[in-house]
K.L.:
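Dropping a structure here in structure tokens format, bear with me for questions.
Below, chain A is the first sequence line, B the second, and so on; all start at residue 1. If you're wondering where the values come from, they're calculated on a predicted model, not measured in any experiment.
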Amino acid sequence: MSPADSADRPGRLRVTYSAELEQLRLQVEVMGVLVDQNLERMRQVLETGDPTVAALALGADDDIDAMNVSLTERCYEVLARENPVASDLRLVVSVIRASSELERVGDLALRIVKAGLDHELLVASPRSFDIAQVMASEAVELFRDAMRAWATDDVDLAARLSHGSPSIDLAFAQLVETLLQLDGPEATAVAMRTLVAGQALDRIADHAAILGSRLRYLVTGDQRHLAAEIRR
Amino acid sequence: MAPDQTAPTTTPVVPTLASPPEVAPEASRSDAAASPAPVVFDVADLSVYYGRFRAVREASLQIHQHEITAFIGPSGCGKSTMLRCFDRMNDLIEGCRVEGTLRYHGIDLYDAKIDPVEVRKRIGMVFQKPNPFPKSIYDNIAFGPKLAGLKGNMDDIVESALRRAALWDEVKDRLKKSAMGLSGGQQQRLCIARAVAVEPEVVLMDEPCSALDPIATARIEDLMQELKTQYTIVIVTHNMQQAARVSDRTAFFTTEVNETSDTRTGVLVEYEVTDKIFSNPSDERTENYVTGRFG
């Protein structure tokens, strides 16, 4: 084949652009790791009420927020400059949306950390305390599944996630049931603190499901997954 | 090409060509998938040869009434060749021959009884480079209707065509001046006015904006949206964003290389509603092309 011929043959183009898209994808994973670390701190604080770990979580959340801002700006820049279409467009749109989901999970984790600092109150009701621990483990696992699905484009895992988690729903119902039965002078304070944490854990599980839907849209292009959580 | 045996050979050719069904043009871009408009061109297994060289291989697609259909693809993929089949412009090229069928409202356009000149009255063409006649603006428009023997007041015909091409206000005071004094964008709109002056049903456009600046391009694109309420438009464009902006359906063509014989031929890869082509194309080759990842 002559050089003139080879110039006509298909070859890889837009190398810088491809690298930028790959970076966006990686940034979601990096942000996911930061959120994961904070979820682990959240679990520790919920279990032990350790204020040092809580302080670390508060500081790390600022990094997560800053990353959400910079990643969003980067996506807008790609939209403005490169006019992405097809799977590229789906990637950029999905990164914007996933990044705000991750930021939201980070905020919810902080809400639990703050509730967890009232350790004395939470342990005053051993049964609800135990249920909250179970919910925390389940929520963290769901979040990890979501990030694993993103890292490997695992549509099956994403599909399972997007259907929600019956076990965490059940645990939350049990938590509410337990709190309603509390009595004694501190019952209201215990119930309110625990409920705040329980609700936030339930929402984290919801966000893991939404991340699953986002990935399903990214990989398949099927518009049903574009706003699945609204249609549900 | 052999006359198609299924064609209604007793039907008088000209009157049939002249009477497309009336359909209210109400479909917007997003409606294209939901309720397909009537078919204007029905292309089945169309191959086009220049001598022994096969430029397009067995393409099949349908062009719908009052829609804008865009043909995209790399150079040499056969999209312009395909476009030129619709008004039998390829007849003017020696050695060009067509296999398969191309029906216009059910009539085989390549039937031996069809007069290509009659076809070109129904199906207008706008070219890449604006090509006004070196005459006055008025004469550029009046030429076609005169030749076609259109009845009516010629001043009205000229004004109506210029209005439809969104050019009237800019040229109404200098109709007798040379068309060559117009800007590139105005010249192209003049060519569109000239094409619509003979009351065609279809307007074909072969890269109509590639010689124009972005402002003139935007004008033509707006104009296309207005024109599609009255005409069916097929456009060849190298500008993918333009296809995404203006068209209801998009056909992606590419070049297939035969390594053994070292010959290449144009193939239709994917033909879909435009939103689908640019958000979630089915074929990997389309994906690679529209994302600009491979060329």
Side-chain angles (χ1 to χ4, degrees), chain A residues 1-25 75-98 153 155 158-159 162 213-228, chain B residues 30 32-34 70 72-78 214 217-218 221 237-247 250 252-267 269-270 272-295:
Chain A
M1 197 194 308
S2 71
D5 279 343
S6 65
D8 275 356
R9 297 288 153 103
R12 209 166 163 73
L13 296 172
R14 303 182 82 185
V15 177
T16 315
Y17 170 52
S18 301
E20 177 62 19
L21 292 177
E22 192 52 42
Q23 272 301 314
L24 293 182
R25 221 192 150 100
C75 287
Y76 287 177
E77 199 178 308
V78 171
L79 286 172
R81 293 163 70 107
E82 302 282 2
N83 293 320
V85 293
S87 61
D88 296 347
L89 179 60
R90 298 206 302 274
L91 174 67
V92 178
V93 168
S94 302
V95 167
I96 293 172
R97 301 187 79 190
D153 272 353
V155 190
S162 68
S213 290
R214 298 279 175 275
L215 182 69
R216 287 177 92 184
Y217 172 70
L218 168 57
V219 177
T220 65
D222 186 337
Q223 303 227 343
R224 279 175 302 175
H225 308 308
L226 196 53
Chain B
S30 53
I72 61 170
S75 298
C77 69
T217 297
E221 289 180 2
T237 177
H238 269 298
N239 182 335
M240 274 181 288
Q241 287 302 319
Q242 179 169 64
R245 282 192 298 265
V246 304
S247 73
T250 299
F252 168 59
F253 293 81
T254 193
T255 310
E256 254 181 29
V257 181
N258 184 324
E259 298 289 352
T260 328
S261 60
D262 200 30
T263 55
R264 48 186 66 195
T265 186
V267 289
V269 174
E270 189 168 351
E272 256 295 355
V273 172
T274 299
D275 288 348
K276 172 97 165 69
I277 294 278
F278 288 95
S279 67
N280 191 18
S282 303
D283 196 289
E284 199 185 347
R285 291 170 292 176
T286 316
E287 169 90 27
N288 285 336
Y289 185 74
V290 298
T291 58
R293 203 53 53 72
F294 283 85

K.L.:
If you take all heavy atoms of B:Asn280 and A:Thr220, which pair is closest and at what distance?
P.N.:
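For B:Asn280 versus A:Thr220, the nearest heavy atoms are ND2-O, 2.9 Å.
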
K.L.:
Kindly compute the distance separating OG1 (B:Thr291) from CG (A:Leu21), expressed to the nearest 0.5 Å.
P.N.:
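Output value for this atom pair is 9.0 Å.
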
K.L.:
Checking the side chain of B:Glu287 only, and the main-chain atoms of A:Ala86 only, is there a donor and an acceptor separated by less than 3.5 Å?
P.N.:
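Checking the backbone N and O of A:Ala86 against the side chain of B:Glu287, no donor-acceptor pair under 3.5 Å is found.
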
K.L.:
Please say whether more than 12 non-hydrogen atoms of neighbouring residues, nucleotides or ligands are located less than 6.0 Å from CD in B:Gln241.
P.N.:
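For B:Gln241, atom CD is crowded (more than 12 foreign heavy atoms under 6.0 Å).
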
K.L.:
Which residues pass the salt bridge (Lys or Arg N to Asp or Glu O under 4.0 Å) test with B:Glu270, not counting sequence neighbours?
P.N.:
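Applying salt bridge (Lys or Arg N to Asp or Glu O under 4.0 Å) to B:Glu270 gives none.
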
K.L.:
Minimum heavy-atom separation for B:Ser279 to A:Gln223, with atom names?
P.N.:
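Taking every non-hydrogen atom into account, OG-NE2, 4.4 Å.
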
